[in-house]
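Counting convention: from 1, in listed order, for ligands and their atoms alike.
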Amino acid sequence: MKTQAVILQTLVSFAAASPLVPRQAIDVDLVNSAPDPTLVTVPIGPTADSVNYDLAAATQLAVADPLTVPAATKRDLAARTACEVQPTGAGPVPDVDNDDSFLKFADFSDAATSALVPSGYQQTYTDLQASSIAYGYLGYRTLDSYDTSACAAQCDTITGCSGVNIYFERDPTVEPAADCPNPPSTTVIKCVLWGGYVAAENAKNDGQWRDDFHVVIAGSNGYMKTAVPAVSGFEGESLGNSTINAPNNCLGQNTYMGSKIFSTSIFDPSLCGAACTSQNQYNVAHPPAQGEPMICTFFTTYLMAKNGNSQGQYCAMYTQSWDSSYAVNDGQWRGQDHYTVEYAFSYSNATSSGGPQCSK
Ligand SMILES: *[C@@H]1O[C@H](CO)[C@@H](O)[C@H](O)[C@H]1NC(C)=O
Ligand SMILES: *[C@@H]1O[C@H](CO)[C@@H](O)[C@H](O)[C@H]1NC(C)=O
């Protein structure tokens with residue numbers, strides 16, 4: 001049986017038909033109108049997995065209205081044959097070969113708690129018994145040892161990779177089936193690459209049953225790059241888990257232009273940058289009856305979570321730069337649903353701070 005999972009279907013939803021309608025509070029209707037991201041569970045097993053996103057197409061879609069083109073496909077997974085021998089992982093196997101001893105095996109905890117934080121990264125969690133299901137799956141590699149720097153080096157080679165999750169996985173030595181329901185195990189060391197936020201809150205995949213064989217996970221560590229992702233033509237700043245609440249400018253005018261959400265690519269601030277720049281072309285071509293067109297010179301972008309589950313990359317545009325002292329909006333409630341801001345950044349046009357010049 002061949003599986004072909006199309007990860008990306010639709011890319012962008014709009015706050016309103018252009019021109020954007022100012023409404024600075026997080027636009028919950030916009031978030032809910034976007035297709036939910038397909039949260040990928042990392043495949044079980046010792047082979048590698050790769051996912052490619054077509055960022056050029058994603059950018060085209062980020063600036064277009066409307067859009068419908070699939071932007072990435074996952075490669076086909078090989079068919080599994082009953083009781084077929086599986087590749088051997090590089091990790092140690094506990095003397096007593098069952099799920100319980102795997103989860104209690106000190107070697108895994110020791111490796112996780114003593115691992116080096118890779119250069120250019122910060123640790124987001126340590127020694128969990130679950131792997132992350134984050135936004136923007138970019139595939140995984142198997143490693144020869146629990147080498148956090150080797151894992152980060154893999155991430156560094158991939159455009160848009162923002163974080164990694166490394167862990168030990170208890171996998172079957174042969175494909176479990178009726179004739180071999182609970183085979184001996186092998187320990188695979190996995191390095192999973194994400195174009196999103198690898199956080200303890202999304203370390204929710206604690207394994208699965210394959211026939212009578214229990215796949216479990218131990219020594220799971222998360223790391224995120226510390227650098228602010230670069231966006232050509234803009235200067236970026238990290239805002240943590242809060243976004244900007246902009247006041248009116250010195251003429252008493254609203255500087256907020258509107259928002260978009262991208263829900264089926266990786267987290268990539270350049271998508272929002274492209275939307276900002278192209279919005280200006282539109283606004284200049286369609287000026288208001290009175291006054292000047294609004295020009296996007298500043299944007300904030302972040303992952304929006306609803307009750308802890310990622311809904312996509314939010315993108316809010318402004319006519320003027322605001323510094324991080326205005327980053328006080330960490331989300332909002334609607335009814336029982338909690339919408340929260342994660343992994344937020346702001347970007348200012350590198351050559352124009354925008355806004356009116358008011359004398360003090
Ligand atoms: C930001 O949110 C993530 C995910 O909810 C959490 O793991 C992290 O600790 C938060 N960071 C800060 C600085 O609060
Ligand atoms: C920055 O602002 C200038 C002046 O408005 C504009 O010409 C330029 O296109 C903007 N840069 C980007 C990347 O949007």
Side-chain angles (χ1 to χ4, degrees), residues 20 26 39 59 62-63 117 121-128 130-136 162-165 194 196-204 220-226 228-243 255 257 260 267-285 287 292-321 324 327-332 337-357:
L20 299 168
I26 290 163
L39 292 183
T59 305
V63 304
V117 179
Y121 287 73
Q122 63 188 19
Q123 191 145 4
T124 53
Y125 59 83
T126 308
D127 196 23
L128 299 184
S131 63
S132 275
I133 304 171
Y135 183 72
S162 53
V164 297
N165 178 201
W194 290 101
Y197 194 18
V198 180
E201 285 80 356
N202 57 38
K204 290 176 175 171
S220 178
N221 283 11
Y223 300 93
M224 286 297 293
K225 279 186 183 168
T226 51
V228 174
V231 178
S232 175
F234 291 89
E235 283 165 8
E237 183 178 12
S238 172
L239 302 178
N241 288 337
S242 298
T243 189
T255 69
M257 296 174 65
K260 293 187 174 188
F267 178 82
D268 181 356
S270 293
L271 296 176
C272 191
C276 172
T277 302
S278 84
Q279 188 67 43
N280 293 343
Q281 291 162 6
Y282 180 91
N283 287 7
V284 168
E292 298 293 313
M294 289 182 108
I295 297 299
C296 174
T297 53
F298 176 75
F299 65 87
T300 61
T301 191
Y302 49 89
L303 286 169
M304 168 98 295
K306 178 183 178 182
N307 304 322
N309 297 315
S310 193
Q311 301 297 297
Q313 178 185 348
Y314 202 88
C315 165
M317 300 174 221
Y318 299 82
T319 59
Q320 176 177 329
S321 294
S324 58
V328 295
N329 181 355
D330 64 1
Q332 66 196 50
D337 293 323
H338 196 194
Y339 294 81
T340 51
V341 173
E342 292 178 347
Y343 199 47
F345 299 90
S346 67
Y347 291 85
S348 300
N349 183 310
T351 57
S352 163
S353 63
Q357 306 300 315

Can you give me a line-by-line list of nitrogen or oxygen pairs between ligand 1 and the protein shorter than 3.5 Å?
unit_1   : atom_1 : unit_2 : atom_2 : d
ligand 1 : 2 (O)  : Asn241 : OD1    : 3.4
ligand 1 : 2 (O)  : Asn241 : ND2    : 2.4
ligand 1 : 5 (O)  : Glu342 : OE2    : 3.4
ligand 1 : 7 (O)  : Glu201 : OE1    : 2.6
ligand 1 : 7 (O)  : Glu201 : OE2    : 3.3
ligand 1 : 11 (N) : Asn241 : ND2    : 2.8
ligand 1 : 14 (O) : Asn241 : ND2    : 3.3

>> Under 2.5 Å between the SG atoms: is that true for Cys276 and Cys296?
In response: yes
>> Need the ligand 2 atom indices (1-based, order shown) with element for anything under 4.0 Å from a heavy-atom of Thr277.
In response: 12 (C), 13 (C), 14 (O)
> Mind checking whether Asn349 has an N or O less than 3.5 Å away from an N or O of ligand 2?
Replying inline: yes
> Should the proximity of Asn280 to ligand 2, defined as any heavy atom under 4.0 Å, be assigned to the side chain, the backbone, both, or neither?
Replying inline: neither
>> Contact between ligand 2 and Thr297 is defined here as a heavy atom of the residue under 4.0 Å from a ligand atom; is it met?
In response: no
>> Using the ring centroid of each side chain, check whether Tyr343 and Tyr135 are separated by less than 6.0 Å.
In response: no
> Excluding sequence neighbours, so at least two apart, what forms salt bridge (charged side-chain N to carboxylate O under 4.0 Å, His left out) with Lys225?
Replying inline: Asp156
> Taking atom types as modelled and ignoring hydrogens, do the side chains of Tyr125 and Ser132 form a donor-acceptor contact shorter than 3.5 angstrom?
Replying inline: yes
> Where do Ser220 and Asn165 come nearest, in terms of heavy atoms and distance?
Replying inline: OG-ND2, 2.9 Å
> Does Glu292 CD have over 12 foreign heavy atoms under 6.0 Å away?
Replying inline: no
>> Does any part of the side chain of Thr319, heavy atoms only, come nearer than 4.5 Å to the side chain of Ile295, both counted from C-beta?
In response: no
>> If you define the side chain from C-beta out and look only at heavy atoms, does anything of Tyr347 sit under 4.5 Å from Cys272?
In response: no
